[in-house]
Undergrad: 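Take this structure, written in structure tokens, and hold onto it; I'll ask about it next.
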Amino acid sequence: MSAPELDAVRLADGVAIPQLGVGVFQVPADDAQRVVEDALELGYRHVDTAAAYVNEAGVGAALQASGLRREEVFVTSKLRNGDQGYDEALRAYDDTCDRLGVDRLDLYLVHWPNPSAGRYADSWRALRRLHAEGRVRAVGVSNFLPEHLDALDGVPAVNQIELHPTFQQRDLVAVCRERGIVVEAYSPLGQGADLDDPVVTSTAHAHDVTPAQVVLAWHLQNGHVVIPKSSRRERLAENLAASALRLGADELQAITDLDRGHRTGSDPATFSLSQIR
Ligand SMILES: NC(=O)C1=CN([C@@H]2O[C@H](COP(=O)(O)OP(=O)(O)OC[C@H]3O[C@@H](n4cnc5c(N)ncnc54)[C@H](OP(=O)(O)O)[C@@H]3O)[C@@H](O)[C@H]2O)C=CC1
Ligand SMILES: O=C(O)C(=O)[C@@H](O)[C@H](O)C(=O)CO
């Protein structure tokens, strides 16, 4: 399969986000430029980073080196827990843009509710100000549960949450959709753990594709924005090509039936400041 044109999803304020992007969590700072340059060369036009990943400068170097115009690449970053608070968030946004070498982001997210600190609603107000001033194209949240969404003034454009076949968070997805919040699936491959399931491997065999492509096609056909991470060029290409795969209704349902509450990351209800910068 060759890499097809990337579909886009419209956020509530009309901004178009490419449905498939590349994530760079756990890509070391020294590798980030190469990985993102590879991704952009292959055709990715959406990059997901975070201040906490400590690789924004490498991502920025790749954007510069790519020769692409700024508006051709959708760039997301996130407010780290240690920078929560109204004034702190405004400063952190400027620092993130400086490290990335951009005037503004396409999407800026509050990374975690970090509820024990009690500062996510103030942080969110700062993001809304940045948006109202036209300094960021869209703002959203990540790892927010319904009670955290309820505590905000206004509605985030996006909630980026852990979502993969064995951990689907269907109640939370339903709440987001009712409110017009686009769901972005992080750890979409279950950090690799969902790729060995016999339902996934047999579907891959039937289509002569890879298990990762089956899982990513399942996400795309379910309307999720999806940001798989790989440091390997051949896997970046493989993941991108998943958008050409079409699964049948029975195949989609068999993967949906794999849901079993298998979280690979942290629980947003308790994840706190001390666990991420
Ligand atoms: N908002 C948040 O709190 C969070 C956001 N994220 C975002 O989501 C992105 C993706 O999530 P992540 O946790 O990295 O997990 P993923 O589900 O994307 O899985 C990444 C793992 O799968 C491997 N992999 C990638 N492609 C393939 C393939 N085609 N075949 C086999 N193995 C493959 C990678 O290895 P290799 O690199 O060696 O190919 C890596 O070990 C992150 O990079 C980050 O941007 C992630 C976690 C939390
Ligand atoms: O990748 C992210 O964006 C995260 O916040 C997390 O993966 C975090 O660093 C973590 O390890 C949670 O289990």
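Bear in mind the structure is a predicted one, so any value in this text is a computation, not a measurement. Each residue takes its place number in the sequence, starting with 1. Start at 1 and go down the list; that is how both ligands and their atoms are numbered.
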Undergrad: As a quick check of understanding, evaluate side chain to side chain contact (heavy atoms under 4.5 Å, CB included) for Gln19 and Ser243, giving each step before the final call.
TA: CA-CA 9 Å; Gln19 198 182 356; Ser243 42; over 6 Å; no
Undergrad: Is the contact between Thr264 and ligand 1 made by the side chain, the backbone, both, or neither, using heavy atoms and a 4.0 Å cut-off?
TA: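 For Thr264, no heavy atom sits under 4.0 Å from ligand 1.
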Undergrad: Among all protein heavy atoms, pick out the one at the shortest distance from atom 44 (C) of ligand 1; state its residue, atom name and that distance to 0.1 Å.
TA: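 Answer, as residue, atom name and distance: Tyr53 OH, 3.3 Å.
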Undergrad: Identify the protein heavy atom lying closest to atom 47 (C) of ligand 1, giving its residue, its atom name and the separation to 0.1 Å.
TA: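 For this ligand atom, the closest protein heavy atom is Tyr186 CD1, 3.2 Å.
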Undergrad: Between Asp48 and Gln160, is the side chain to side chain contact (heavy atoms under 4.5 Å, CB included) condition met? List the steps.
TA: CA-CA 10 Å; Asp48 182 88; Gln160 184 183 115; 2.8 Å; yes
Undergrad: Would you say Lys78 has any N or O atom under 3.5 Å from an N or O of ligand 2, going by distance alone?
TA: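 No, Lys78 has no N/O under 3.5 Å of an N/O on ligand 2.
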Undergrad: Please step through side chain to side chain contact (heavy atoms under 4.5 Å, CB included) for the pair Asp7 and Leu220, ending with a clear verdict.
TA: CA-CA 9 Å; Asp7 285 340; Leu220 295 170; over 6 Å; no
Undergrad: Measure the distance from atom 43 (O) of ligand 1 to every protein heavy atom, then report the residue, atom name and distance (to 0.1 Å) of the closest one.
TA: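 That would be Phe25 N, 2.9 Å.
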Undergrad: Looking at atom 39 (O) of ligand 1, what's its closest protein heavy atom, distance included?
TA: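 Closest protein heavy atom to atom 39 (O) of ligand 1: Ser230 OG, 2.5 Å.
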Undergrad: Regarding atom 11 (O) of ligand 1: of the candidates Ala237, Gly23, Ser187, Ala185, which has the closest heavy atom?
TA: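 The nearest heavy atom belongs to Ser187.
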Undergrad: Check His111 against ligand 2 and report side chain, backbone, both or neither, counting heavy atoms closer than 4.0 Å.
TA: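 Answer for His111: side chain.
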Undergrad: Below the 3.5 angstrom mark, is there an N/O of Val24, backbone or side chain, next to an N/O of ligand 1?
TA: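 In this structure, Val24 places an N or O atom under 3.5 Å from an N or O of ligand 1.
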Undergrad: Can you tell me which residue and heavy atom of the protein come closest to atom 38 (O) of ligand 1, and the distance to 0.1 Å?
TA: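 Minimum-distance protein heavy atom for atom 38 (O) of ligand 1 reads Arg232 NE, 3.2 Å.
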Undergrad: If we count only N and O atoms by modelled type, under 3.5 Å, do the side chains of Asn239 and Tyr44 hold a donor and an acceptor together?
TA: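 Judged by distance alone, the side chains do not pair up.
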Undergrad: At under 4.0 Å between heavy atoms, which part of Asn143 makes contact with ligand 1: side chain, backbone, both or neither?
TA: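 The answer is the side chain of Asn143.
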Undergrad: Any heavy atom of Tyr186 sitting closer than 4.0 Å to ligand 2?
TA: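 Tyr186: no contact with ligand 2 (<4.0 Å).
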Undergrad: If we only count N/O pairs under 3.5 Å, is Leu195 in contact with ligand 1?
TA: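 In this structure, Leu195 places no N or O atom under 3.5 Å from an N or O of ligand 1.
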Undergrad: Can you confirm, on distance only, whether ligand 1 has an N/O atom lying under 3.5 Å from any N/O atom belonging to Pro228?
TA: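 So ligand 1 has no N or O lying under 3.5 Å from an N or O of Pro228.
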Undergrad: Please say whether Lys78 places an N or O atom under 3.5 Å from an N or O atom belonging to ligand 1.
TA: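 In this structure, Lys78 places no N or O atom under 3.5 Å from an N or O of ligand 1.
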Undergrad: So between Gln191, Arg233, Gln160, whose heavy atom ends up nearest atom 21 (C) of ligand 1?
TA: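 It is Gln191 whose heavy atom sits nearest to atom 21 (C) of ligand 1.
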Undergrad: So, Glu238 versus Thr210: side-chain donor-acceptor pair below 3.5 Å or not?
TA: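 Looking only at side-chain atoms, Thr210 and Glu238 do form a donor-acceptor pair, the distance falling under 3.5 Å.
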Undergrad: Going by distance alone, is a donor N or O of one side chain under 3.5 Å from an acceptor N or O of the other, for His262 and Thr264?
TA: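 Their side chains do not contain a donor-acceptor pair, so the 3.5 Å distance test is not met.
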Undergrad: Would you say the side chains of Thr256 and Gln168 form a donor-acceptor pair under 3.5 Å?
TA: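 Thr256 vs Gln168: no donor-acceptor pair found between side chains.
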Undergrad: Check the side chains of Gln213 and His207 for a donor-acceptor pair under 3.5 angstrom, ignoring hydrogens and angles.
TA: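 Looking only at side-chain atoms, Gln213 and His207 do not form any donor-acceptor pair under 3.5 Å.
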Undergrad: With heavy atoms only and a cut-off of under 4.0 Å, state how Tyr53 meets ligand 2: side chain, backbone, both or neither.
TA: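 The side chain, only.
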Undergrad: Quick check on the hydrophobic clustering: are Val22 and Leu216 connected, directly or via other members, by side-chain heavy-atom contacts under 4.5 Å?
TA: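 Linked within one cluster.
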Undergrad: Regarding Asp83 and Lys78, does a basic nitrogen lie under 4.0 Å from an acidic carboxylate oxygen?
TA: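 The answer is no: the pair does not qualify as a salt bridge.
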Undergrad: Measuring from atom CG of Leu252 to atom CD of Gln221, what distance do you get when rounded to the nearest 0.5 angstrom?
TA: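 If I round to the nearest 0.5 Å, the distance is 4.5 Å.
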Undergrad: With a 4.0 Å cut-off on heavy atoms, does Gly265 reach ligand 1?
TA: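 Outside the 4.0 Å threshold, so no.
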Undergrad: If you have a sec, work out which protein heavy atom is nearest atom 25 (C) of ligand 1 and how many Å separate them, to one decimal?
TA: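 Result for atom 25 (C) of ligand 1: Lys229 O, 3.0 Å.
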Undergrad: Is it true that Phe144 and Tyr120 have ring centroids separated by less than 6.0 Å?
TA: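 For Phe144 and Tyr120, the ring centres are under 6.0 Å apart.
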Undergrad: Can you tell me how the ring of Trp218 sits relative to the ring of His224, calling it parallel under 30°, perpendicular over 60° and tilted otherwise?
TA: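 Judged by the thresholds at 30° and 60°, the geometry between Trp218 and His224 is perpendicular.
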Undergrad: Give me the residue, atom name and distance of the protein heavy atom closest to atom 36 (P) of ligand 1.
TA: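 That would be Arg235 NH1, 3.4 Å.
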Undergrad: What protein heavy atom is closest to atom 10 (C) of ligand 1, reported as residue, atom name and distance in Å?
TA: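 For atom 10 (C) of ligand 1, the nearest protein heavy atom is Ile227 O, 3.1 Å.
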